[in-house]
Structures are given as C-alpha cells and as structure tokens.
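Report on one structure; see the data block that follows.
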There are 2 protein chains.
Amino acid sequence: MDNPRLHPKFISSFKLLGKPWTWLIICVVLTGKRRFSDISATIPRISDKMLVARLKELETAGIMERHVYPETPLRVEYELTEKGRDLKTVIDQVQQWANTWLEDLRFVR
Amino acid sequence: MDNPRLHPKFISSFKLLGKPWTWLIICVVLTGKRRFSDISATIPRISDKMLVARLKELETAGIMERHVYPETPLRVEYELTEKGRDLKTVIDQVQQWANTWLEDLRFVR
DNA sequence: CCGCATCCCGCACGATACTG
DNA sequence: CAGTATCGTGCGGGATGCGG
C-alpha cells in the first residue's frame, strides 16, 4: 500500500491551527466580537504575550479582524472574518469527538 | 453579551491535538497501518525524536495502537484505534476548509 | 486602567550521531 | 529498522514597563 501524500494546503493549515491556543482563541471569538481582556479572561492561563502573537497571526492569515476604538480606556475588539467563521464546522466536529471519547478530565495536564 | 465558557473536554482535546505534528501523524496513519519509517518519510522535516514522542502520547491517549513484529529487521506498525479513526471527520472538515480558503502556499512559514 | 512591548529564563524542539 | 543519547537553539511563560 502506497503512503498517502500530505497535501500542501493541509500542511499549511496546520502550521497555523496546530499552534498552541489558536483553536481556543477562535472558539471564544466565534460567538461574536470580543475585547482583548475578554479573550484573556475566558482562556485559562494564557499569557498576554501569546494572545497578542496568535491574534496577529490570525489577522495576517485573514481569519481575524481587529477594530480599534480610541476611547479612554482604549477599546480593541476582535472579530472573525468569513474565512474564520467557516472554521466553526471544524470546531463543532472536535467538540463532538471530545464529547464522545473524552472523560471529563477537568484537570488533565 | 456574555463570554462563552470553554468546555473542559474541548480544552483537554486541544492539549493533545494542539501539539505540533500530531494532526499530520494522524492523517498519515488514517489510511491504514504504517511503519515508523513510512510516517517519518511522509511528513517533511519531522525529527525521529518528535515522532516517537507524539506516537507515545497518542498511544497513551488511546488513539494509536503499536504492533511489534520481532523479525529481522525489526518491524513496528502503527494503527489508529476507533477513537483515532473517528478523528477523520475533523480532518475532512479541515481539508475542506483549506481547499476553500487557502492558496497553495507550498512554502509558507 | 487597557492593550501590548520588553526582558529574562526554562523547557520543548531540532539536528546529528549512535545503539540493539 | 526503530528508536535512544546528547547538545544547542528558539519559542513560550511570567514578570515588569509603558503609551494612550
């Protein structure tokens, strides 16, 4: 049996989606615009530095949009593009798989 | 609007599936039993060390099975469990998303 | 205060060589 | 062939600083 080829697009998508936190960030913003501090508070133990880095990557990839409102205090909101919202189908599948196969190990490392 | 809660099972699954190479490894073994060297050759630039580490993790998680045939030369084959094969739906969704939205950027970093 | 940059440090990761 | 051992390096985590 021949080995399968890994499609370049598939490899590319995991260079982005395979990184830590990325999925959780998308999952949080999936339900609507979120402020930086909202995302930070919703995802346990993510550092500001990582959150900034991942958000920038997602923005560059055309998955996330960044809106700045120059108020005081400064307000920045993040929103998924259509490309990003299309990832909901993927996330739904992961959720379903997790519900089927994973015990509720709340504190796994 | 309230922030969504991140379901513990979803967070748990990300701890495994969010690691580098994991998805590509699953993708390779998805089509049938594979030897260590097959997986290594199919995935570009993965180190033996990482491949061993990820395979062990997947085995511990009940996603991958390891079969040893004590021949000479030694033959070891890896195979997905039902739990692992169920991830095909997720991978199919990612493939579809990639086909829709990604340019064929073969050499993106 | 909020969003983000900078600094330092430890650990995961990468490359290479070696073993049963 | 299927892994181990070893050594460097770069990325991620945590604390702190800083502009607006």
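Chain naming here is simple, since letters A, B, ... match the order of the sequence lines and numbering starts at 1 in each. Both backbone and side-chain heavy atoms feed into the values below; hydrogens, waters and symmetry mates do not.
When the P atom of dG3(D) is taken as reference, atom CD of Glu77(B) falls 12 Å away, rounded to whole Å. Rounded to whole Å, the distance from CZ on Arg34(B) to P on dC1(D) is 16 Å. A straight line from CG of Leu51(B) to P of dA15(C) spans 13 Å, rounded to a whole angstrom. Spacing between atom CZ of Arg45(A) and atom P of dG12(D) amounts to 16 Å, rounded to whole angstrom units. The interatomic distance linking Ile46(B) (CD1) with dC13(C) (P) rounds to 11 Å, in whole Å. One atom, CD1 of Ile43(B), and another, P of dG14(C), lie 12 Å apart when rounded to the nearest Å. Rounded to an integer number of Å, the gap from Lys33(B) NZ to dA2(D) P is 14 Å. Atoms CG (Leu55(A)) and P (dG3(C)) sit 11 Å apart, rounded to a whole Å.
Take Asp86(B) and apply the side-chain hydrogen bond (donor to acceptor under 3.5 Å, both in side chains) test, not counting sequence neighbours, and it matches Trp101(A). Scanning for salt bridge (charged side-chain N to carboxylate O under 4.0 Å, His left out) contacts around Lys88(A) gives Asp92(A), with sequence neighbours left out. Evaluation of the ring-ring contact (aromatic ring centres under 6.0 Å, His included) rule for Phe14(B) yields Trp21(A) as partners, not counting sequence neighbours. Qualifying side-chain hydrogen bond (donor to acceptor under 3.5 Å, both in side chains) partners for Ser47(B), counting only residues two or more places apart in sequence or in other chains: none. With sequence neighbours excluded, no residue forms a side-chain hydrogen bond (donor to acceptor under 3.5 Å, both in side chains) with His7(A).
One axis for each end of the helix from dC1(C)-dG20(D) to dG20(C)-dC1(D), each built from five base pairs, and the angle between them comes to 30° at 10° resolution.
Side-chain atoms of Ser47(A) lie closest to dG13(D) of the nucleotides dC1(D), dG3(C), dG13(D). Closest to the side chain of Pro73(A), out of dC2(C), dG13(D), dA2(D), is dC2(C). The side chain of Arg35(A) lies closest to dG3(C), out of dG3(C), dC4(C), dA2(D).
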Polar atom pairs (N or O), protein with nucleotides 5-8 of chain C, under 3.5 Å:
| from | atom 1 | to | atom 2 | distance (Å) |
| --- | --- | --- | --- | --- |
| dA5(C) | OP1 | Lys56(A) | NZ | 3.0 |
| dA5(C) | OP2 | Lys56(A) | NZ | 3.4 |
| dC7(C) | N4 | Lys49(A) | NZ | 3.4 |

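Side-chain atoms of Leu24(B) and Ile46(B), non-hydrogen and from C-beta on, never get closer than 4.5 Å to each other. Side-chain atoms of Phe10(B) and Asn99(A), non-hydrogen and from C-beta on, never get closer than 4.5 Å to each other.
Counting only residues at least two apart or on different chains, the salt bridge (Lys or Arg N to Asp or Glu O under 4.0 Å) pairs with a member in residues 61-76 of chain A are Glu71(A)-Arg75(A), Arg75(A)-Glu77(A). Legend: salt bridge (Lys or Arg N to Asp or Glu O under 4.0 Å) pairs involving residues 53-64 of chain B, not counting sequence neighbours, sorted by first then second residue: Lys19(B)-Glu57(B), Arg54(B)-Glu57(B).
With DNA chain C read from its 5' end, the first of the two nearest nucleotides for Arg75(A) and Met50(B) is the one closest to Arg75(A). Between Trp21(A) and Arg66(B), the one whose closest nucleotide on DNA chain D sits nearer the 5' end is Arg66(B).
The shortest distance between the side-chain N/O atoms of Tyr78(B) and the OP1/OP2 oxygens of dC1(D) is not below 4.0 Å.
At distances below 3.5 Å, at least one donor-acceptor pair connects side-chain atoms of Trp97(A) with backbone N or O atoms of Lys83(B).
As judged by a 4.0 angstrom heavy-atom cut-off over every strand, Thr72(A) is placed among residues making no nucleic acid contact. Among the protein residues, Pro70(A) comes within range of no part of the nucleic acid, since none of its heavy atoms lies under 4.0 Å from any strand. Across all strands shown, Tyr69(B) has no heavy atoms under 4.0 Å from either base or sugar-phosphate atoms.
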